[in-house]
Amino acid sequence: MNATETLIAAADARSAHNYHPLPVVVATADGAWVTDVEGRRYLDLLAGYSALNFGHRNPRLVDAAKAQLERVTLTSRAFHHDLFARFCEELAQLCGMEMVLPMNTGVEAVETAVKTARKWGYRVKGVPGEMAKIVVAGGNFHGRTTTVISFSTDPEARADFGPYTPGFQIVPYGDLTAMESAMTENTVAVLIEPIQGEAGVIVPPEGYLRAVRELTRERNVLFMADEIQSGLGRTGRTFACEDEGVEPDVYVLGKALGGGILPVSAVVASADVLGVFQPGEHGSTFGGNPLACAVALEVMAMLRSGEYQERSARLGEHLHRELQALLGTGKVTAVRGRGLWAGVDVSPAVGTGRQVSERLMDRGVLAKDTHGRTIRIAPPLMISEEDLDWGLDQLRAVLGV
Ligand SMILES: *Cc1c(COP(=O)(O)O)cnc(C)c1O
């Protein structure tokens, strides 16, 4: 056995099999490229499910982390630390909001948003105790905790993990009439992804997010946008909601906020909404820690330049033009997405999504299938046009066009 096979067998023997990774063992990474234990290089077109929007080991982010490692890394929220106020101030400003509640992983931020909406519902909206309902969309992906899988429509995510948390209503994504019918006076929030990533980069019909915004405002319901994957430059703007000029009540952020270095997530909202929390009602040992704040502050400084959003928009246009051209070949049945983010459905004649991902890997490109037929393309936003074109060449070669 070579090093790759030995390490994969050892991992298989000792780790739970809750993932089915491609058979590549990464040893080092730089920018849009990773190198495996055999010294082979691969172009990373997954970018850690958009946690690596700024590339692997982005020098500005590594420097910010190193500098903070020399100062203080963890205080817990039992004490203040000197970056916390700035982190909250700048993140609120980036979102056009007032208050921040930091957590670590994405799903913790989603859980936090659920708790926020429920408490806001009881204390501000006046919903009777235990009656709060949150409307979510079919095909959603908001994470993996017990409560969050309770409102998943993916059988793999749910089976054998019940009993499920009540209080959620699922309506088809993109269907405003269904959302309106699901709402009652006990509805406290709508929680949706502005573009559904895990579902296969599903873009809702034009005008949907604006209509959800109007409906939620009319009904005194919080519009909570899970921008964990769609946000922070991925779609060519800071937030995918901006594409429709929509300002939600609550942003749920994660992934790229941690710069690909450590998990950083947050709920960001108005003072009316996040003001519902009192000491002891919610928290996290690591949430808002100094190292997380140092990295996230640098992430925000990079976003404020607009450079990454601009690159994503410009290279994204190029990417989508090239992918659209594949539609005529019969090898691809659909292409969706925005900015440097695409879902490409491959025709059954070509093979499964998994097989296409494996053939791409053999040609030095890492991408991951989702839901059987979809190849997701989401490179780091700092990818060069040459590298992107090379990646597209490999895709065309695998498709045989
Ligand atoms: C990845 C993701 C999450 C969960 O984030 P974790 O950090 O894996 O817990 C939630 N919502 C969306 C839209 C995501 O893409």
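- Side-chain atoms of Ser265 come within 3.5 Å of backbone N or O of Asn104 as a donor-acceptor pair.
- A side-chain donor-acceptor contact under 3.5 Å links Glu242 to the backbone of Phe239.
- Checked against Met179 for a side chain to side chain contact (heavy atoms under 4.5 Å, CB included), the options Val136, Val221, Val171 give a single hit: Val171.
- Side-chain atoms of Ile228 and Val110, non-hydrogen and from C-beta on, do get closer than 4.5 Å to each other.
- Around the CD atom of Glu247, the shell of radius 6.0 Å holds no more than 12 heavy atoms that belong to other residues, nucleotides or ligands.
- Residues Lys125 and Glu185 are not paired through a salt bridge, judged by the lack of any N-O separation under 4.0 Å between the basic side chain and the carboxylate.
- Heavy atoms only, all atoms of each residue included: Pro194 and Tyr173 are closest at O-OH, 2.9 Å.
- Salt-bridge formation is detected for the pair Glu90/Arg304: a Lys NZ or Arg NE/NH1/NH2 atom is positioned less than 4.0 Å from an Asp or Glu carboxylate oxygen.
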- Message: The test is side-chain contact (heavy atoms from CB on, under 4.5 Å); show your working for Asn140 and Ile192 and say whether it passes.
- Response: CA-CA 7 Å; Asn140 71 72; Ile192 52 169; over 6 Å; no

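- Here the side chain of Thr238 pairs no donor or acceptor atom with the backbone of Leu232 at under 3.5 angstrom.
- Here the shortest heavy-atom pairing between Ala117 and Ile134 reads CB-CD1, 4.1 Å.
- With hydrogens and angles left out, the side-chain atoms of Gln324 and Arg321 include no donor and acceptor closer than 3.5 Å.
- Ion pairing between a basic and an acidic side chain is recognised when a charged N comes within 4.0 Å of a carboxylate O; Arg210 and Glu214 show no such pairing.
- Taking the six-membered ring where the residue is Trp, Trp33 and Trp390 present tilted rings, their angle falling between 30° and 60°.
- Side-chain polar atoms of Asp249 and Thr216 form no donor-acceptor pair below 3.5 angstrom.
- For the residue pair Glu227 / Ser230, a side-chain donor-acceptor distance below 3.5 Å is found, with atom types taken as modelled.
- Ring centroid separation for the pair Phe151 and Tyr164 does not come in under the 6.0 Å cut-off.
- Leu323 approaches Ala342 most closely through the heavy-atom pair CD1-CB, 3.5 Å.
- A donor-acceptor pair under 3.5 Å is absent between the side-chain atoms of Gln394 and the main chain of Val365, judged by distance alone.
- Asn289 and His81 share no donor-acceptor pair across their side chains, judged by distance under 3.5 Å alone.
- The minimum heavy-atom distance linking Leu7 with Val25 is given by the pair CD1-CG1, 3.9 Å.
- With Glu108 contributing its side chain and Thr105 its backbone, the two residues share a donor-acceptor pair below 3.5 Å.
- At a threshold of 4.0 Å, the pair Glu180-Arg219 counts as salt-bridged, since one of the basic side-chain nitrogens sits closer than that to a carboxylate oxygen.
- Inspection of the Asp345 and Thr374 side chains reveals an N or O donor paired with an N or O acceptor under 3.5 Å.
- The number of heavy-atom neighbours closer than 6.0 Å to CG of Asp160, taken from other residues, nucleotides and ligands shown, is 12 or below.
- The residues Asp243 and Arg338 are annotated as salt-bridged, a charged nitrogen and a carboxylate oxygen being separated by less than 4.0 angstrom.
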- Evaluate the criterion side-chain contact (heavy atoms from CB on, under 4.5 Å) for residue pair Leu257 and Leu91; output intermediate values, then yes/no. CA-CA 10 Å; Leu257 190 57; Leu91 187 54; 4.2 Å; yes

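- Without hydrogens or angle criteria, Asn58 side chain to Phe54 main chain gives a donor-acceptor distance under 3.5 Å.
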- Can Tyr42 and Asp36 be said to form a side-chain hydrogen bond (donor to acceptor under 3.5 Å, both in side chains), step by step? CA-CA 8 Å; Tyr42 303 84; Asp36 76 3; 2.9 Å; yes

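- Checked by atom type and distance alone, the side chain of Thr329 pairs as donor or acceptor with a backbone atom of Leu326 at under 3.5 Å.
- Between Pro348 and Arg373, some side-chain heavy-atom pair lies under the 4.5 Å cut-off.
- Within 6.0 Å of atom OH in Tyr208, more than 12 heavy atoms from other residues, nucleotides or ligands are found, so the atom counts as buried in its surroundings.
- Each of Leu191, Ile149, Thr147, Val107 was evaluated against His142; a single residue qualifies, Leu191, per the side chain to side chain contact (heavy atoms under 4.5 Å, CB included) test.
- At least one side-chain heavy atom of Val114 sits under 4.5 Å from a side-chain heavy atom of Phe168.
- A salt bridge does not link Glu307 to Arg311: none of the charged nitrogens lies less than 4.0 Å from a carboxylate oxygen.
- A distance-only check finds no donor-acceptor pair linking the side chain of Lys368 to the backbone of Ser357 [under 3.5 Å].
- Checking side-chain atoms of Arg363 against main-chain N and O of Gly391 turns up no donor-acceptor pair under 3.5 Å.
- Counted within 6.0 Å of NE2 on His80, heavy atoms from surrounding residues, nucleotides or ligands total 12 or fewer; the atom is thus considered open.
- A donor-acceptor contact closer than 3.5 angstrom is absent between the side chains of Gln229 and Gln196.
- At least one donor-acceptor pair under 3.5 Å links the side chain of Thr370 to the backbone N or O of Glu198.
- By the neighbour-count criterion of 12 heavy atoms within 6.0 Å, atom CD of Glu130 is sparsely surrounded, having that number or fewer from other residues, nucleotides or ligands.
- Judged purely by distance below 3.5 Å, without hydrogens or angles, the side chains of Gln68 and Thr73 never pair a donor atom with an acceptor atom.
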- What do the steps show when you test Asp82 against Arg71 for side-chain contact (heavy atoms from CB on, under 4.5 Å), and what is the final call? CA-CA 11 Å; Asp82 62 357; Arg71 297 181 67 241; 2.6 Å; yes

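- Within 6.0 Å of atom CZ in Arg123, 12 or fewer heavy atoms from other residues, nucleotides or ligands are found, so the atom counts as exposed in its surroundings.
- For the pair Asn53/Met382, no side-chain contact is recorded, criterion being any heavy-atom separation below 4.5 Å from C-beta on.
- At a threshold of 4.0 Å, the pair Asp63-Lys66 does not count as salt-bridged, since none of the basic side-chain nitrogens sits closer than that to a carboxylate oxygen.
- Looking at Thr4 and Val24, their side chains never come closer than 4.5 Å, going by heavy atoms from C-beta outward.
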- Item | Ser152 and Arg158: CA distance, side-chain angles, deciding distance, side-chain hydrogen bond (donor to acceptor under 3.5 Å, both in side chains) verdict | CA-CA 7 Å; Ser152 169; Arg158 282 171 57 89; over 6 Å; no

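- A side-chain donor-acceptor contact under 3.5 Å links His282 and Thr112.
- Across all non-hydrogen atoms, the minimal contact from Ala199 to Gly139 is CB-O, 3.3 Å.
- For the pair Glu244 and Arg213, the salt-bridge criterion is not met [side-chain N within less than 4.0 Å of a carboxylate O].
- Nearest heavy atom pair, residue Cys241 against residue Tyr251, reads CB-OH, 4.0 Å.
- Annotation: side chain of Leu366 is not in contact with side chain of Leu360 (no heavy-atom distance under 4.5 Å).
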- Message: Checking Thr235 against Trp341 for the side-chain contact (heavy atoms from CB on, under 4.5 Å) test, could you report, in this order, the C-alpha distance in whole Å, the side-chain angles of both residues, the deciding distance, and whether it holds?
- Response: CA-CA 7 Å; Thr235 62; Trp341 200 19; 3.9 Å; yes

